[in-house]
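Heads up, the thing below is written out as structure tokens.
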Amino acid sequence: MQDLPDDTPFNDAAARPQAPSGIAARAMAARGGENRAPDYLRGLNPEQRQAVETTEGPVLVLAGAGTGKTRVLTTRIAHILATGRAYPSQILAVTFTNKAAREMKQRIGLLVGEQVEGMPWLGTFHSIGVKMLRRHAELAGLRSDFTILDTDDQIRLIKQIIQAEGLDDKRWPARQFAQMIDGWKNKGLGPSEIPEGDARAFANGKGRELYRAYQDRLTTLNACDFGDLLCHPIRIFKQHHDVLAEYQRKFRYILVDEYQDTNTAQYMWLRLLAQRPKEGNRPGGRGLSPLEGEMAGRPEGVLSEGTTKAPSIAEPPPPGRIASGHPPLKGEGKATVNICCVGDDDQSIYGWRGAEVDNILRFENDFPGATVIRLERNYRSTAHILGAASHLIAHNESRLGKTLFTEAPDPDDGKVVVHAAWDSEEEARAIGDEIEALQTKGHALNDMAILVRASFQMREFEDRFVTLGLNYRVIGGPRFYERQEIRDAMAYLRVVAQPADDLAFERIVNVPKRGLGEAAVRQVHDTARALRVPMLEAAGTLAESDELKPKPRAALRQLAAQFARWQELLETTPHTELAEIILDESGYTEMWKNDRSAEAPGRLENLKELIRSMEEYESLRAFLEHVALVMDAEQNEELDAVSIMTLHSAKGLEFETVFLPGWEEGLFPHQRALDEGGRSGLEEERRLAYVGVTRAKRNLHIWFVSNRRIHGLWQSTIPSRFLDELPEAHVEVAEGGTSYGGYGNPYGSGRGGGFGDAGRRNPYGASRFDSLGSPSGGYSARGDQGGAAGRSFSNTYATPGWQRAQQNRTEATDRNWGTRSGHQVERIGYGETDSGYGAGRGSVKGRVIEGELVAKSVADTPSRFNVGDRVFHQKFGNGNIASIEGNKLTIDFDKAGQKKVLDGFVNAV
DNA sequence: CGCGCTTCTTTTTTT
DNA sequence: AAGAAGCGCG
């Protein structure tokens, strides 16, 4: 091991191995005899083992869902350590989420012993970014105690800047600009590097100026936003080759999890680090020197050998976007770059925040000579679930293509079940019942999860579970650290720890009320700008002058004095104690004690919780950093509870039983993804569906409803196209038997006359996707696994329920074009009791109307109703129309009061 | 300056 | 439907 590079550039104790023999010795102890494979390699399949043992050179592991990706990563690290190839501090291992980082740490710990703490460079892109940036803050014009702004701060700051430019912040929303900045930073672009078109797109061409002003302001605030955590290091690396070289020398092995989710900035950051250090290269050698132009600034065009063609799967970049394709660095193929990226293009679901699937599709070009290993043996799911997932994802065109398989399908395994419900309330009720039933049969709640497309869907389940008394756990939902009282408290702490944090100061100057209104705050602000000092300091100055009226002046003086005192205490008092003092003396706790509202006690409780959680951190600073980066409070692991989360946060997890509600057009695939992302947006949605399906180990239930409330209006919906893309062989429709009710709409049809139209029109109506890209059916030749499973779900579907659904669609389509006028309600058994469902089974008729089409097609035709008409609504009963706007009716219901309802949902009485 | 009433927007996904 | 922002009054 004497040839390990010197570790001295990084002198902190944590970065050094605690005892040279520690990890390696332990891991080696785990080995058997000379010729036997070490223990940790046992049980790996050949591909996994290859991925672990190919330590040298670039490696891409394409790991399908449930193929043991994390196991490969962790074992690989253990292997590198065990064979003495590197110290823990010489391995850079990046993940996307804190959860993933935590899990990896823990699993490596199991393999190798306790010294994982000696792996200082295992973490998320962002946490590693901060770590680097703190070391070299001055190179980015910051002090090392800079604060990290969250989205909320960021938007407030941008708003100020927009106003300061004299622009109308209504016309140019800060939120939107924040997203643009995010987008630029995702590509690693600074103010001078953004494309002209982008710069012009905002605020009459002031985009670039505003961006620059924003960055300047961040510097004076000694703060940075999320994007900067990567952009600053990138810039530093490019400008200070010595700094970069230190890291390059340091990291012998680089591992990247979820590579398909990397964005351009992360890619650049990785590429810089993956270079060989300059030393050892001949002067003028091809190693590093041309970095400057090579990475960001360089447009497409000059490609080095081997990349004359873009990968054929890549779509042409949409107009306005930076052309994809980062040319590989010259000559880098010649150096050994021990980088191992693990990912699955089929699980790329973060395109909306700048992830470039291209990064993974292009890996072999980027790193010539790369070993590509496919993991296709799935250890997680039943053959049915896997079959459903594979068939679904085969509809995507942009993919590398993998075929997952599992061994020994079990004939006892159930198929994937598709359920229909009347509305989201019933959906929640039925899923709740199903969960209770499973629980009674002995299933643990911890083994079940509900995965939703959008977080607003969670609420209905929470409501239902509360009334059922069913334990649940919301993951990634409304976050603890985003609550008002927590943010206020944090703002106090931030000002104490980092007096230049004007945003935090502004947040709490007048909380609790101190008689410092807008006028006074503005004055502090202006003074601060004029004197070029932080607002807190300006407040002190101002309090000693006579520029303010006595009342605010006194208030400011007191506040300034208090902060001065707290800052002194910072050195001497334990941080939890200090936090209590601050909240007390500032009157913040008092404020909530005096608050008579219902939430106040909860807020006080949260404040206590905040203080408690601070105990785990060694200093106030450490705590603040944790909150900024993690934004997530620990969950109670002990409790047996159903998990509720979004599909996005479910990636990487698995459950025995999974419920996927809300498979309806417009929600999933989400309308906005379709509108903004077009075809690739649809494909990303499909990957999301794939992620959802592949979370399930044994049981999978997919739901769709025919009515959903969106923005307070009831909309009717049609089943998601993804349902049609499931293979018949692996899917069954729950019908009657489960008796959750039916599938229809309030005004039912009654007349069968329209059925003859079936098949004449695409059930999806004039879907705008028909004309975009692949003709429907074009995909079936591609990824099908053959056999019955290869047949499409939709047309061959034979159950009465499904046929009815098809008819319903056709009818619905007809109705939207005004050719029919259905009236009476035929749906039986809908209501508060369950008793009717079984009986109603055969009687459930009705149709589904595509919500969007209703909204659009009816909006520009006059409503068929008049003010004053007496109407009936399935949910609200009888009422009179109070007013009409397009297709939206305001109705005074006899019992339910005044409601706004879509025209399509009521019938004349 | 602060409070309360009104109107308007919002919801896709997250480090 | 609900929360935020805006407006007008005391």
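All chains are named by letter (A, B, ...) in the order of the sequence lines, taking the proteins before the strands, and each is independently numbered beginning at 1. These values consider heavy atoms only, across backbone and side chains, with no hydrogens, waters or symmetry-generated copies. Given the structure is predicted, the values throughout are model-derived calculations rather than measurements.
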Could I get the full list of side-chain hydrogen bond (donor to acceptor under 3.5 Å, both in side chains) partners for D261(A), not counting sequence neighbours?
K651(A)

Given that T124(A) and A520(A) both sit by DNA chain B, which one's nearest nucleotide is further toward the 5' end?
A520(A)

Of the nucleotides [options], which has the atom closest to the [X] side chain?
| X | options | result |
| --- | --- | --- |
| R459(A) | dG2(B), dA2(C), dT13(B) | dA2(C) |
| N510(A) | dT14(B), dG2(B), dT15(B) | dG2(B) |
| R709(A) | dA1(C), dT15(B), dG2(B) | dA1(C) |
| A519(A) | dG2(B), dT14(B), dC1(B) | dC1(B) |
| K513(A) | dC3(B), dT15(B), dT14(B) | dC3(B) |

Is [X] near enough to [N] that one of its side-chain N or O atoms lies under 4.0 angstrom from OP1 or OP2?
| X | N | value |
| --- | --- | --- |
| S127(A) | dT15(B) | no |
| N98(A) | dT14(B) | no |
| T646(A) | dT14(B) | yes |

By side-chain contact (heavy atoms from CB on, under 4.5 Å) - contacts of A174(A) (at least two apart):
I155(A), I158(A), K159(A), I162(A)

Is the NZ or CZ atom of R134(A) both under 6.0 Å from the centre of the six-membered ring of F146(A) and within 45° of that ring's axis?
yes

dT13(B) pyrimidine/purine six-ring stacking with Y350(A), under 5.5 Å and 30°
no

Is the W352(A)-Y350(A) ring centre distance short of 6.0 angstrom?
yes

